[in-house]
*Asks:* 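I have a structure here, written as C-alpha coordinates, and I will follow up with some questions on it.
Chain letters run A, B, ... following the sequence lines, proteins first, then strands; residues in each count from 1.
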Number of protein chains: 2
Amino acid sequence: MKLSTKGRYGVKAMFDLALNSDEDPIPLKDIASRQEISESYLEQLISGLRKAGLVKSVRGAQGGYLLAKSPDKITVGEVIRTLEGPMAPSECVVEDTQACEKSDYCVTRLVWKKMKDSVNEVMDSITLQDMVDEYSSINKEK
Amino acid sequence: MKLSTKGRYGVKAMFDLALNSDEDPIPLKDIASRQEISESYLEQLISGLRKAGLVKSVRGAQGGYLLAKSPDKITVGEVIRTLEGPMAPSECVVEDTQACEKSDYCVTRLVWKKMKDSVNEVMDSITLQDMVDEYSSINKEK
DNA sequence: GTTAAACCAAGTAAAATAGTCGGAATTGGA
DNA sequence: TCCAATTCCGACTATTTTACTTGGTTTAAC
(Lines give C-alpha, C1' and ligand atoms only; values in the text may rest on other atoms or scores of the structure.)
Protein backbone atom coordinates (compact mmCIF):
# COMPACT_ATOMS: atom_id res chain seq x y z
CA MET A 1 0.00 0.00 0.00
CA LYS A 2 2.92 2.29 -0.53
CA LEU A 3 2.36 5.28 -2.69
CA SER A 4 4.57 5.34 -5.76
CA THR A 5 7.07 8.09 -6.34
CA LYS A 6 4.59 9.72 -8.68
CA GLY A 7 2.26 10.68 -5.88
CA ARG A 8 4.99 11.43 -3.39
CA TYR A 9 7.07 13.59 -5.72
CA GLY A 10 3.93 15.22 -7.04
CA VAL A 11 2.86 16.40 -3.62
CA LYS A 12 6.37 17.61 -2.84
CA ALA A 13 6.53 19.55 -6.09
CA MET A 14 3.14 21.14 -5.55
CA PHE A 15 4.06 22.04 -2.00
CA ASP A 16 7.27 23.58 -3.29
CA LEU A 17 5.30 25.65 -5.76
CA ALA A 18 2.93 26.79 -3.05
CA LEU A 19 5.79 27.73 -0.77
CA ASN A 20 7.87 29.59 -3.33
CA SER A 21 5.17 31.19 -5.37
CA ASP A 22 5.21 34.83 -6.13
CA GLU A 23 4.37 36.34 -9.48
CA ASP A 24 7.12 34.71 -11.48
CA PRO A 25 6.93 31.20 -12.79
CA ILE A 26 9.29 28.74 -11.16
CA PRO A 27 11.50 26.65 -13.42
CA LEU A 28 11.34 22.91 -12.95
CA LYS A 29 15.06 22.81 -12.32
CA ASP A 30 14.60 24.78 -9.11
CA ILE A 31 11.83 22.55 -7.83
CA ALA A 32 13.75 19.43 -8.73
CA SER A 33 16.91 20.53 -6.97
CA ARG A 34 15.15 21.81 -3.86
CA GLN A 35 13.12 18.63 -3.55
CA GLU A 36 15.93 16.37 -4.71
CA ILE A 37 13.97 14.81 -7.53
CA SER A 38 15.28 13.92 -10.97
CA GLU A 39 14.38 16.80 -13.23
CA SER A 40 13.51 14.73 -16.27
CA TYR A 41 11.30 12.44 -14.23
CA LEU A 42 9.54 15.33 -12.54
CA GLU A 43 8.90 16.72 -15.99
CA GLN A 44 6.64 13.77 -16.73
CA LEU A 45 4.76 14.18 -13.51
CA ILE A 46 4.18 17.89 -13.81
CA SER A 47 2.96 17.35 -17.34
CA GLY A 48 0.16 15.28 -15.85
CA LEU A 49 -0.60 17.95 -13.30
CA ARG A 50 -0.75 20.55 -16.02
CA LYS A 51 -3.13 18.49 -18.13
CA ALA A 52 -5.31 18.08 -15.06
CA GLY A 53 -5.41 21.86 -14.65
CA LEU A 54 -3.55 22.03 -11.37
CA VAL A 55 -0.54 23.98 -12.63
CA LYS A 56 0.02 26.45 -15.43
CA SER A 57 3.19 26.64 -17.45
CA VAL A 58 5.09 29.48 -19.09
CA ARG A 59 7.32 28.38 -21.91
CA GLY A 60 10.65 29.77 -23.04
CA ALA A 61 13.42 31.50 -21.13
CA GLN A 62 12.40 32.79 -17.70
CA GLY A 63 9.52 30.38 -17.97
CA GLY A 64 8.42 27.80 -15.47
CA TYR A 65 5.39 26.69 -13.53
CA LEU A 66 2.73 28.28 -11.39
CA LEU A 67 -0.17 26.89 -9.41
CA ALA A 68 -3.31 27.18 -11.48
CA LYS A 69 -5.43 27.94 -8.43
CA SER A 70 -4.72 29.43 -5.05
CA PRO A 71 -3.11 26.95 -2.65
CA ASP A 72 -6.20 26.76 -0.45
CA LYS A 73 -8.18 25.52 -3.44
CA ILE A 74 -5.87 22.60 -4.23
CA THR A 75 -6.05 19.46 -2.11
CA VAL A 76 -3.50 16.72 -1.67
CA GLY A 77 -6.21 14.35 -2.85
CA GLU A 78 -6.49 16.01 -6.25
CA VAL A 79 -2.75 15.88 -6.73
CA ILE A 80 -2.39 12.26 -5.72
CA ARG A 81 -5.39 10.99 -7.65
CA THR A 82 -4.18 12.81 -10.74
CA LEU A 83 -0.85 11.04 -10.61
CA GLU A 84 -1.77 7.69 -9.09
CA GLY A 85 -5.29 7.16 -10.30
CA PRO A 86 -8.23 6.48 -8.00
CA MET A 87 -7.19 5.46 -4.49
CA ALA A 88 -9.13 2.22 -4.55
CA PRO A 89 -7.73 -0.84 -2.74
CA SER A 90 -9.58 -3.02 -5.26
CA GLU A 91 -10.85 -2.61 -8.80
CA CYS A 92 -14.38 -3.23 -7.61
CA VAL A 93 -14.54 0.07 -5.75
CA VAL A 94 -13.18 2.26 -8.51
CA GLU A 95 -15.97 4.60 -9.48
CA ASP A 96 -17.37 4.26 -12.98
CA THR A 97 -15.99 0.76 -13.17
CA GLN A 98 -18.21 -2.22 -13.55
CA ALA A 99 -18.31 -3.82 -10.11
CA CYS A 100 -18.21 -7.60 -10.19
CA GLU A 101 -21.42 -9.57 -10.35
CA LYS A 102 -21.22 -10.41 -6.67
CA SER A 103 -20.98 -6.82 -5.55
CA ASP A 104 -24.51 -6.74 -4.17
CA TYR A 105 -23.72 -9.19 -1.43
CA CYS A 106 -19.92 -8.96 -1.29
CA VAL A 107 -18.77 -8.13 2.20
CA THR A 108 -15.12 -7.65 1.37
CA ARG A 109 -16.17 -5.01 -1.10
CA LEU A 110 -17.68 -3.05 1.78
CA VAL A 111 -14.33 -3.22 3.52
CA TRP A 112 -12.48 -1.87 0.47
CA LYS A 113 -15.08 0.84 0.17
CA LYS A 114 -14.52 1.98 3.74
CA MET A 115 -10.77 2.05 3.24
CA LYS A 116 -11.10 4.04 0.06
CA ASP A 117 -13.50 6.56 1.55
CA SER A 118 -11.29 7.03 4.56
CA VAL A 119 -8.14 7.70 2.56
CA ASN A 120 -9.89 10.07 0.22
CA GLU A 121 -11.48 11.95 3.06
CA VAL A 122 -8.13 12.58 4.67
CA MET A 123 -6.44 13.55 1.42
CA ASP A 124 -9.23 15.85 0.39
CA SER A 125 -9.20 17.61 3.74
CA ILE A 126 -5.61 18.77 3.34
CA THR A 127 -4.91 21.72 1.05
CA LEU A 128 -1.55 23.03 -0.06
CA GLN A 129 -2.26 26.08 2.06
CA ASP A 130 -2.62 23.85 5.10
CA MET A 131 0.81 22.45 4.36
CA VAL A 132 2.30 25.90 3.98
CA ASP A 133 0.74 26.98 7.27
CA GLU A 134 2.03 23.92 9.01
CA TYR A 135 5.46 24.58 7.59
CA SER A 136 5.47 28.15 8.88
CA SER A 137 4.31 27.14 12.32
CA ILE A 138 7.02 24.50 12.58
CA ASN A 139 9.71 26.90 11.46
CA LYS A 140 8.84 30.02 13.37
CA GLU A 141 9.78 28.25 16.61
CA LYS A 142 13.42 28.41 15.70
CA MET B 1 -2.58 2.63 -3.95
CA LYS B 2 -4.23 -0.62 -4.90
CA LEU B 3 -3.89 -3.46 -2.49
CA SER B 4 -2.12 -6.45 -3.99
CA THR B 5 -3.83 -9.82 -4.29
CA LYS B 6 -2.03 -10.89 -1.14
CA GLY B 7 -4.06 -8.61 1.06
CA ARG B 8 -7.26 -9.03 -0.89
CA TYR B 9 -7.12 -12.83 -1.08
CA GLY B 10 -5.98 -13.01 2.51
CA VAL B 11 -9.01 -11.15 3.78
CA LYS B 12 -11.29 -13.27 1.63
CA ALA B 13 -9.74 -16.46 2.92
CA MET B 14 -9.97 -15.36 6.54
CA PHE B 15 -13.57 -14.31 6.04
CA ASP B 16 -14.27 -17.70 4.49
CA LEU B 17 -12.76 -19.40 7.52
CA ALA B 18 -14.83 -17.26 9.86
CA LEU B 19 -17.98 -17.99 7.93
CA ASN B 20 -17.50 -21.72 7.59
CA SER B 21 -15.87 -22.51 10.88
CA ASP B 22 -17.14 -25.27 13.06
CA GLU B 23 -14.97 -27.73 14.94
CA ASP B 24 -13.34 -29.35 11.93
CA PRO B 25 -10.42 -27.84 10.08
CA ILE B 26 -11.18 -26.58 6.60
CA PRO B 27 -8.95 -27.75 3.78
CA LEU B 28 -7.37 -25.07 1.64
CA LYS B 29 -8.92 -26.59 -1.43
CA ASP B 30 -12.39 -25.67 -0.16
CA ILE B 31 -11.45 -22.09 0.63
CA ALA B 32 -9.70 -21.70 -2.69
CA SER B 33 -12.63 -23.00 -4.71
CA ARG B 34 -15.26 -21.04 -2.79
CA GLN B 35 -13.28 -17.81 -3.09
CA GLU B 36 -12.03 -18.57 -6.58
CA ILE B 37 -8.38 -18.24 -5.72
CA SER B 38 -5.52 -20.38 -7.01
CA GLU B 39 -4.92 -23.02 -4.39
CA SER B 40 -1.14 -23.10 -4.65
CA TYR B 41 -0.94 -19.34 -4.44
CA LEU B 42 -3.25 -19.22 -1.46
CA GLU B 43 -1.02 -21.78 0.20
CA GLN B 44 1.76 -19.22 0.31
CA LEU B 45 -0.47 -16.59 1.76
CA ILE B 46 -1.95 -18.77 4.46
CA SER B 47 1.52 -19.87 5.39
CA GLY B 48 2.23 -16.25 6.29
CA LEU B 49 -0.98 -16.01 8.27
CA ARG B 50 -0.08 -19.14 10.17
CA LYS B 51 3.38 -17.86 11.03
CA ALA B 52 1.77 -14.67 12.28
CA GLY B 53 -0.46 -16.71 14.56
CA LEU B 54 -3.74 -15.86 12.87
CA VAL B 55 -4.63 -19.37 11.74
CA LYS B 56 -3.81 -22.84 13.00
CA SER B 57 -3.19 -25.81 10.74
CA VAL B 58 -3.90 -29.52 11.05
CA ARG B 59 -1.71 -31.69 8.87
CA GLY B 60 -2.50 -34.96 7.18
CA ALA B 61 -5.73 -36.36 5.76
CA GLN B 62 -8.87 -34.60 7.05
CA GLY B 63 -6.58 -31.73 7.96
CA GLY B 64 -6.95 -28.09 7.09
CA TYR B 65 -7.04 -24.68 8.69
CA LEU B 66 -8.79 -23.02 11.60
CA LEU B 67 -8.81 -19.48 12.91
CA ALA B 68 -6.36 -19.23 15.77
CA LYS B 69 -8.59 -16.81 17.66
CA SER B 70 -12.29 -16.13 17.69
CA PRO B 71 -13.42 -14.01 14.73
CA ASP B 72 -14.16 -11.01 16.92
CA LYS B 73 -10.53 -10.95 18.00
CA ILE B 74 -9.10 -10.80 14.48
CA THR B 75 -9.13 -7.53 12.59
CA VAL B 76 -8.84 -6.90 8.90
CA GLY B 77 -5.85 -4.72 9.76
CA GLU B 78 -3.91 -7.62 11.25
CA VAL B 79 -4.56 -9.75 8.21
CA ILE B 80 -3.61 -7.10 5.69
CA ARG B 81 -0.52 -5.89 7.50
CA THR B 82 0.66 -9.47 7.86
CA LEU B 83 0.48 -10.03 4.13
CA GLU B 84 1.27 -6.58 2.77
CA GLY B 85 3.56 -5.14 5.37
CA PRO B 86 2.93 -1.86 7.13
CA MET B 87 0.34 0.32 5.42
CA ALA B 88 2.64 3.28 5.04
CA PRO B 89 2.36 5.51 1.98
CA SER B 90 6.04 6.31 2.38
CA GLU B 91 9.06 4.62 3.96
CA CYS B 92 9.50 7.53 6.32
CA VAL B 93 6.34 6.69 8.24
CA VAL B 94 7.00 2.98 8.68
CA GLU B 95 7.37 2.41 12.36
CA ASP B 96 10.79 1.30 13.58
CA THR B 97 12.35 2.62 10.42
CA GLN B 98 14.84 5.38 10.48
CA ALA B 99 12.96 8.45 9.29
CA CYS B 100 14.97 10.66 7.02
CA GLU B 101 17.08 13.43 8.45
CA LYS B 102 14.52 16.05 7.51
CA SER B 103 11.69 14.37 9.35
CA ASP B 104 11.59 16.98 12.09
CA TYR B 105 10.44 19.71 9.77
CA CYS B 106 9.07 17.67 6.85
CA VAL B 107 5.50 18.62 6.14
CA THR B 108 4.81 15.96 3.55
CA ARG B 109 5.73 13.41 6.17
CA LEU B 110 2.86 14.66 8.29
CA VAL B 111 0.55 14.08 5.35
CA TRP B 112 1.73 10.49 4.92
CA LYS B 113 1.34 9.97 8.64
CA LYS B 114 -2.27 11.09 8.55
CA MET B 115 -3.03 8.81 5.63
CA LYS B 116 -1.41 5.89 7.33
CA ASP B 117 -3.20 6.44 10.61
CA SER B 118 -6.52 6.81 8.89
CA VAL B 119 -6.19 3.57 6.93
CA ASN B 120 -5.02 1.64 9.93
CA GLU B 121 -7.79 2.98 12.07
CA VAL B 122 -10.42 1.80 9.62
CA MET B 123 -8.82 -1.59 9.12
CA ASP B 124 -8.34 -2.19 12.80
CA SER B 125 -11.93 -1.29 13.55
CA ILE B 126 -13.29 -4.13 11.39
CA THR B 127 -13.18 -7.66 12.78
CA LEU B 128 -13.95 -10.86 10.93
CA GLN B 129 -17.02 -11.15 13.14
CA ASP B 130 -18.19 -7.77 11.87
CA MET B 131 -17.91 -9.11 8.35
CA VAL B 132 -19.83 -12.25 9.24
CA ASP B 133 -22.57 -10.18 10.87
CA GLU B 134 -22.76 -7.92 7.87
CA TYR B 135 -22.99 -10.94 5.62
CA SER B 136 -25.88 -12.40 7.62
CA SER B 137 -27.76 -9.13 7.69
CA ILE B 138 -27.44 -8.74 3.94
CA ASN B 139 -28.59 -12.28 3.28
CA LYS B 140 -31.45 -12.61 5.70
CA GLU B 141 -33.43 -10.12 3.63
CA LYS B 142 -33.92 -12.72 0.95
C1' DG C 1 0.03 -48.41 2.68
C1' DT C 2 -2.77 -45.41 0.26
C1' DT C 3 -4.68 -41.07 0.16
C1' DA C 4 -5.52 -36.42 1.53
C1' DA C 5 -3.83 -32.97 3.17
C1' DA C 6 -0.16 -29.27 4.93
C1' DC C 7 4.49 -27.69 4.14
C1' DC C 8 8.54 -25.82 1.59
C1' DA C 9 11.73 -23.79 -1.84
C1' DA C 10 12.61 -22.42 -6.18
C1' DG C 11 11.48 -20.79 -10.60
C1' DT C 12 9.03 -17.60 -13.98
C1' DA C 13 6.24 -14.62 -17.17
C1' DA C 14 4.14 -10.35 -17.20
C1' DA C 15 3.40 -5.92 -15.45
C1' DA C 16 4.61 -1.84 -13.00
C1' DT C 17 8.07 1.35 -11.39
C1' DA C 18 11.32 4.76 -11.76
C1' DG C 19 13.56 6.50 -14.25
C1' DT C 20 16.80 8.13 -18.85
C1' DC C 21 17.51 10.05 -23.46
C1' DG C 22 17.17 12.79 -27.51
C1' DG C 23 15.24 16.12 -29.64
C1' DA C 24 11.64 19.83 -31.02
C1' DA C 25 9.19 24.17 -29.95
C1' DT C 26 8.95 28.53 -27.50
C1' DT C 27 10.48 32.85 -25.71
C1' DG C 28 13.26 36.56 -23.23
C1' DG C 29 17.22 39.05 -23.48
C1' DA C 30 22.13 40.31 -25.29
C1' DT D 1 19.14 38.13 -34.86
C1' DC D 2 20.79 34.65 -32.42
C1' DC D 3 21.60 32.30 -28.05
C1' DA D 4 20.32 30.37 -23.91
C1' DA D 5 16.81 28.82 -21.00
C1' DT D 6 13.07 26.65 -20.68
C1' DT D 7 8.76 23.67 -21.58
C1' DC D 8 7.09 19.85 -24.21
C1' DC D 9 6.93 15.17 -26.20
C1' DG D 10 7.64 10.33 -27.15
C1' DA D 11 10.26 6.43 -26.90
C1' DC D 12 13.37 3.49 -24.59
C1' DT D 13 15.16 0.63 -20.51
C1' DA D 14 16.85 -1.57 -16.26
C1' DT D 15 15.06 -3.15 -12.06
C1' DT D 16 11.63 -4.62 -9.04
C1' DT D 17 7.31 -6.46 -7.87
C1' DT D 18 3.42 -9.28 -8.69
C1' DA D 19 1.00 -13.26 -9.20
C1' DC D 20 1.51 -17.01 -9.82
C1' DT D 21 3.35 -22.38 -11.00
C1' DT D 22 6.03 -26.54 -10.20
C1' DG D 23 7.89 -30.26 -7.94
C1' DG D 24 8.67 -32.19 -4.28
C1' DT D 25 8.58 -33.73 1.22
C1' DT D 26 6.16 -34.63 5.46
C1' DT D 27 2.22 -35.83 8.27
C1' DA D 28 -1.71 -38.31 9.73
C1' DA D 29 -6.41 -40.58 9.06
C1' DC D 30 -8.62 -44.62 7.34
*Asks:* If only side-chain N and O atoms of B:Tyr65 are considered, is one of them under 4.0 Å from the OP1 or OP2 phosphate oxygen of C:dA5?
*Replies:* no
*Asks:* Can you tell whether the side chains of B:Glu78 and B:Lys73 come within less than 4.0 Å, N to carboxylate O?
*Replies:* no
*Asks:* So does B:Ser57 get a side-chain nitrogen or oxygen closer than 4.0 Å to the phosphate oxygens (OP1/OP2) of C:dA5?
*Replies:* no
*Asks:* If you compare every side-chain N and O of A:Thr5 against the phosphate oxygens of C:dA18 (OP1, OP2), does one of them come in below 4.0 Å?
*Replies:* yes
*Asks:* Base, sugar-phosphate, or nothing for A:Ser4, non-hydrogen atoms under 4.0 angstrom?
*Replies:* sugar-phosphate
*Asks:* How many whole angstroms separate atom CG of A:Leu3 from atom C1' of C:dA16?
*Replies:* 15 Å
*Asks:* By nearest nucleotide on DNA chain C, pick out whichever of B:Glu43 and B:Lys29 is the more 5' one.
*Replies:* B:Lys29
*Asks:* Within this structure, what is the NZ-to-C1' distance between A:Lys2 and C:dA18, rounded to whole angstrom?
*Replies:* 11 Å
*Asks:* In this structure, how many angstroms lie between the P atom of D:dC8 and the NZ atom of A:Lys56, rounded?
*Replies:* 13 Å
*Asks:* Using atom CG of A:Leu45 as one end and atom C1' of C:dA16 as the other, report the distance to the nearest whole Å.
*Replies:* 15 Å
*Asks:* What is the distance, to the nearest angstrom, from the CD atom on B:Glu39 to the P atom on D:dT22?
*Replies:* 13 Å
*Asks:* I'd like to know whether NZ of B:Lys113 has more than 12 heavy-atom contacts from other residues, nucleotides or ligands below 6.0 angstrom.
*Replies:* no
*Asks:* Whole angstrom is fine here: how far is it from CD1 in B:Ile46 over to C1' in C:dC7?
*Replies:* 12 Å
*Asks:* If you only use heavy atoms from C-beta on, which nucleotide in D:dT21, D:dA5, C:dG19 is closest to the side chain of A:Ser38?
*Replies:* C:dG19
*Asks:* Return yes if a side-chain donor-acceptor contact under 3.5 Å exists between B:Asp130 and B:Thr127, otherwise no.
*Replies:* yes
*Asks:* Does the distance from a Lys or Arg side-chain N to an Asp or Glu carboxylate O, for A:Lys12 and A:Asp16, drop under 4.0 Å?
*Replies:* no
*Asks:* Can you tell me if A:Arg50 touches the phosphate of D:dC9, counting only side-chain N or O atoms and a distance under 4.0 Å to OP1 or OP2?
*Replies:* yes
*Asks:* Would you kindly give the CG-to-P distance between A:Asp24 and C:dT27, to the nearest whole Å?
*Replies:* 17 Å
*Asks:* Would you mind reading off the distance between A:Tyr9 atom OH and C:dT20 atom C1', rounded to a whole angstrom?
*Replies:* 14 Å
*Asks:* What nucleotide, of C:dA10, D:dC9, D:dC30, holds the atom closest to the side chain of B:Gln44?
*Replies:* C:dA10
*Asks:* Is the phosphate of D:dT21, meaning OP1 or OP2, less than 4.0 Å from a side-chain N or O of B:Ser40?
*Replies:* yes
*Asks:* Rounded to the nearest 0.5 Å, how far apart are CG of A:Leu19 and OH of A:Tyr135?
*Replies:* 5.5 Å
*Asks:* Once hydrogens and angles are ignored, does a donor-acceptor distance under 3.5 Å link the base of D:dT7 to the side chain of A:Arg59?
*Replies:* yes
*Asks:* Looking at D:dT18, I'd like to know if its phosphate oxygens (OP1 or OP2) sit under 4.0 Å from a side-chain N or O belonging to B:Tyr41.
*Replies:* no
